[in-house]
**Student:** 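My structure is below; once you've seen it, I'll send some questions.
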Protein chains: 2
Amino acid sequence: MRPTVHDIAEKAGVSLATVDRVLNRRKGVRAETVLRVEQVIASLGYQRDLAAANLAKSRVYPLVFVVPEGENSFMRGLEMAVHEARRRSSVERTDIRLLTVPPFDEGALAYALDGLNIEGLAGVALVATESPAVRRSVARLADAGVPIVTLVSDLPSARRRHYVGIDNVAAGRTAASLLGRFLSHRPGKVAVLAGSMLVRDHVERRLGFDQVMRAEFTDLEVLPVIEGRDEAETAERLVGEMLDRERDVVGIYSLGAGNRGLISALKARGLNGKIEVVAHELTDHARQALADGVFAAVINQDAGHEVRSAIRVMKALADGVDLVDGQERIRIDIFLRDNLP
Amino acid sequence: MRPTVHDIAEKAGVSLATVDRVLNRRKGVRAETVLRVEQVIASLGYQRDLAAANLAKSRVYPLVFVVPEGENSFMRGLEMAVHEARRRSSVERTDIRLLTVPPFDEGALAYALDGLNIEGLAGVALVATESPAVRRSVARLADAGVPIVTLVSDLPSARRRHYVGIDNVAAGRTAASLLGRFLSHRPGKVAVLAGSMLVRDHVERRLGFDQVMRAEFTDLEVLPVIEGRDEAETAERLVGEMLDRERDVVGIYSLGAGNRGLISALKARGLNGKIEVVAHELTDHARQALADGVFAAVINQDAGHEVRSAIRVMKALADGVDLVDGQERIRIDIFLRDNLP
DNA sequence: CTGAAAGCGCTTACAG
DNA sequence: CTGAAAGCGCTTACAG
């Protein structure tokens with residue numbers, strides 16, 4: 001049988017209250033008593049039963065998710081996943097708040113973070129934008145002891161405790177590898193459509209893409225990045241201009257959102273299916289484009305998995321317990337027409 | 001606040017013991033009392049706190065995993081994942097037993113299932129082999145009320161309650177799609193290496209592969225399936241004979257195990273990197289082959305995820321509670337050299 | 001057929 | 001600085 005607080009109390013010759021004080025590092029216990037109890041704890045190999053502790057405490061984990069607002073379908077999917085998670089709140093003992101902030105707006109994100117009531121917060125998960133202001137806000141929360149988790153786009157070096165998302169450099173490399181192989185021996189130009197070079201996930205995908213293109217597919221010329229702000233209309237206009245301007249575009253890597261605009265631009269010129277396209281995020285539009293042969297492949301990250309993982313991670317950080325690492329690794333999902341779920 | 005058994009007891013004017021009897025459908029309660037209590041339960045929207053119930057019951061879930069023995073690296077990885085899960089037993093309240101049986105041996109699998117002590121069993125997860133004997137054994141367990149989960153290879157129509165694994169037809173289609181595109185406009189023959197046409201996962205992968213090959217890549221000729229019994233030596237010999245016999249083999253789909261033998265056969269003939277290979281399961285050998293350019297792509301299912309999912313599913317079935325569907329969908333992972341984890 | 005009381009493993013006022 | 005007792009939400013003998 002697993003040892004309990006009763007076993008510790010008996011063996012150490014103290015009361016349950018004292019055992020609890022030592023277990024939870026609360027003050028007001030004589031140093032030598034602490035020592036004695038700790039020795040018993042170690043000798044018994046005691047491990048707290050978290051479920052029982054949470055029952056006794058009526059523990060609830062107040063969590064906050066901060067997600068960019070706007071038309072980006074992936075972000076809306078992320079929002080849906082947060083709402084799903086809220087429905088499980090009573091079972092999971094969570095109390096989840098969802099905040100949306102204007103996209104690509106460092107100030108707005110920092111402001112939202114600064115406005116959080118830190119009191120009792122068990123964790124904050126945010127889709128990060130790179131900026132000193134955001135870093136400062138994250139540092140402030142971290143100083144207050146709130147576990148911070150970055151979601152989808154990381155903010156390394158910052159005081160975040162964990163990143164929940166795919167390896168974006170690897171994703172970019174994978175996109176290049178697929179595109180290059182699909183285009184085997186078909187020289188020409190490859191365009192890159194991004195949202196903004198201000199968010200780290202986009203920057204990293206582009207980096208990985210360029211690495212592999214330069215190293216392995218030298219007969220393909222990569223054009224300068226187009227920044228469509230993850231908006232369908234902007235993407236449509238800019239991609240359209242590019243297609244009208246350039247000859248010999250054989251491939252496109254769409255590493256951000258705005259795929260609806262990209263698809264329109266291709267169709268308007270009868271180029272759907274003629275140009276190999278690798279895109280990100282399996283939204284409804286992307287799914288349709290795969291089925292129609294407009295997209296050759298879609299690289300995806302599972303928003304549901306990400307939200308569940310973020311919640312598990314924040315709770316574990318708040319409780320100081322271990323994670324099952326493999327369970328928290330977010331996969332680079334690759335979808336072709338043939339493995340659509 | 002969420003209503004508790006105390007609220008029910010008070011509102012229904014009965015004791016906690018009676019509430020518990022009704023909640024757990026135990027007999028020995030007057031019909032009208034049952035009715036009254038049930039009405040109160042419904043009116044309060046009561047939901048049992050499973051953690052508290054398990055604490056009170058000192059509930060433990062006895063689970064059994066049945067996995068084929070032998071050299072198949074993927075199965076050994078599955079076994080490792082089960083051992084990992086055992087390490088979490090005290091936290092997850094599980095008591096996990098691992099049984100190994102000879103591979104591709106219907107009789108041995110049925111015998112192992114029949115030998116199980118059903119008493120109190122919360123679930124059985126098995127890598128299924130297709131056969132009437134296995135179906136009978138599964139039915140017997142199901143009749144005894146034991147939740148059965150198939151793992152990796154399904155046994156549809158049988159009395160299993162859930163399948164934990166990838167969609168193998170889709171996996172086969174995906175393999176064909178990748179291979180066909182990588183070989184674009186390079187006509188020739190494609191070989192298929194399987195373990196055995198007795199296990200459903202292999203049959204289904206082949207089916208999906210053929211579907212796409214016939215429909216989309218008509219300049220590729222698919223050779224008859226080679227059955228290597230998932231053994232490296234057998235695979236090496238049979239693939240070697242095939243390579244020596246056939247001209248113009250441009251691609252190979254390895255849909256089972258025995259990849260070590262396949263790699264040796266290719267290398268012995270200096271064909272590594274010359275023939276496009278799509279294989280299954282990211283074992284150490286497959287990983288190395290990807291890195292070396294011997295394999296173009298590897299389709300994988302995450303053994304850790306499968307074992308964790310099987311455990312969650314069996315516990316949920318035993319308790320009669322709902323699952324988070326998205327969490328239990330096993331992905332078809334596609335690995336290229338560029339997204340190796 | 002029904003209920004009072006104790007208990008699962010932990011925490012929390014409160015009293016001393 | 002320490003402990004006795006009650007309580008978290010549920011279940012389980014035991015008695016009637």
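All chains are named by letter (A, B, ...) in the order of the sequence lines, taking the proteins before the strands, and each is independently numbered beginning at 1.
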**Student:** Starting at atom CG of B:D20, determine the distance to atom C1' of C:dA6, rounded to an integer number of angstrom.
**Tutor:**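 Distance, rounded to whole Å: 14 Å.
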**Student:** Take the protein atom CG of B:L23 and the nucleotide atom C1' of D:dT12, then report the distance between them rounded to whole Å.
**Tutor:** 14 Å
**Student:** Measuring from the side chain of A:D49 (C-beta onward, heavy atoms only), which nucleotide among C:dA4, C:dG9, D:dC10 has the closest atom?
**Tutor:**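 Selected nucleotide (nearest to the side chain): C:dG9.
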**Student:** Taking the side chain of A:A56 as heavy atoms from C-beta outward, which of D:dT11, D:dC8, D:dC1 is closest to it?
**Tutor:** D:dC8
**Student:** Strictly below 4.0 Å: does A:N54 bring a side-chain N or O up to OP1 or OP2 of C:dC10?
**Tutor:**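 So the side-chain polar atoms of A:N54 never come under 4.0 Å of the phosphate oxygens OP1 or OP2 of C:dC10.
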**Student:** Look at B:T33 and C:dC1 and indicate whether a side-chain polar atom (N or O) is within less than 4.0 Å of OP1 or OP2.
**Tutor:**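 Answer no for this pair, as no side-chain N or O of B:T33 is under 4.0 Å from OP1 or OP2.
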**Student:** Report the distance from atom CD1 of B:I41 to atom C1' of D:dC10, rounded to the nearest whole Å.
**Tutor:**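 Value for this atom pair: 13 Å.
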**Student:** Select from B:L55 and B:R21 the residue whose nearest nucleotide in DNA chain C is closer to the 5' end of that strand.
**Tutor:**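 Of the two residues, B:R21 wins.
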**Student:** With the side chain of B:R48 defined as its heavy atoms from C-beta on, choose the nearest nucleotide among D:dT11, D:dT2, C:dC10.
**Tutor:** D:dT11
**Student:** Return whichever of B:S58 or B:A17 has its heavy-atom-nearest nucleotide of DNA chain C closer to the 5' end.
**Tutor:** B:A17
**Student:** Output the distance between atom NE2 (B:H6) and atom CG (B:L16), rounded to the nearest 0.5 Å.
**Tutor:** 4.5 Å
**Student:** Between P on D:dG7 and NZ on A:K57, what's the gap in Å once rounded to a whole number?
**Tutor:**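 Checked: the NZ to P distance equals 20 Å.
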**Student:** Identify which nucleotide among C:dC10, C:dG3, D:dC10 has an atom closest to any side-chain atom of B:Y46, counting heavy atoms from C-beta outward.
**Tutor:**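 Looking only at heavy atoms from C-beta outward on B:Y46, the closest nucleotide is D:dC10.
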**Student:** Side chain of A:V29 only, please: which of C:dC10, D:dG3, D:dT2 is the nearest?
**Tutor:** D:dT2
**Student:** Does a side-chain heavy-atom distance below 4.5 Å link A:L63 with A:E92?
**Tutor:** no
**Student:** Can you tell me the distance, in whole Å, between the CG atom of A:N24 and the P atom of C:dA13?
**Tutor:** 13 Å
**Student:** Of the nucleotides C:dC10, D:dC10, C:dA4, which has the atom closest to the B:S15 side chain?
**Tutor:** C:dA4
**Student:** May I ask you to say what A:V19 touches in the nucleic acid, namely base, sugar-phosphate or nothing, with a heavy-atom cut-off under 4.0 Å?
**Tutor:**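 Here A:V19 touches no strand at all.
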**Student:** Using atom CG of B:D319 as one end and atom P of D:dT11 as the other, report the distance to the nearest whole Å.
**Tutor:**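 Answer to the nearest Å: 11 Å.
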**Student:** Look up atom CG in A:D302 and atom CD in A:E281, then write down how far apart they are to the nearest 0.5 Å.
**Tutor:** 10.5 Å
**Student:** Check whether any side-chain heavy atom of B:V67 sits under 4.5 Å from a side-chain heavy atom of B:R76, and report yes or no.
**Tutor:** yes
**Student:** Please state whether the phosphate of C:dT2, meaning OP1 or OP2, lies under 4.0 angstrom from any side-chain nitrogen or oxygen of B:R30.
**Tutor:** yes
**Student:** Check the distance between C:dT11's C1' and A:I8's CD1 and give it to me in whole angstrom.
**Tutor:**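 Going from CD1 in A:I8 over to C1' in C:dT11 covers 14 Å.
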**Student:** Given that both distances must come in under 3.5 Å, which nucleotide forms a Watson-Crick or G-U wobble pair with D:dA13?
**Tutor:**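 Pairing partner, where one exists within any strand: none, as none qualifies.
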**Student:** Could you check whether B:D167 pairs with B:R329 (Lys NZ or Arg NE/NH1/NH2 to Asp/Glu carboxylate O, under 4.0 Å)?
**Tutor:** no
**Student:** What is the distance, rounded to the nearest whole Å, between atom CZ of A:R26 and atom P of C:dT11?
**Tutor:** 7 Å
**Student:** If you check every side-chain atom of B:L16, which of D:dT2, D:dC10, C:dG9 has the closest atom?
**Tutor:** D:dC10
**Student:** Hey, does the Lys NZ or Arg CZ of B:R59 hover above the aromatic six-ring of B:Y61, less than 6.0 Å from the centre and inside 45° of the axis?
**Tutor:** yes
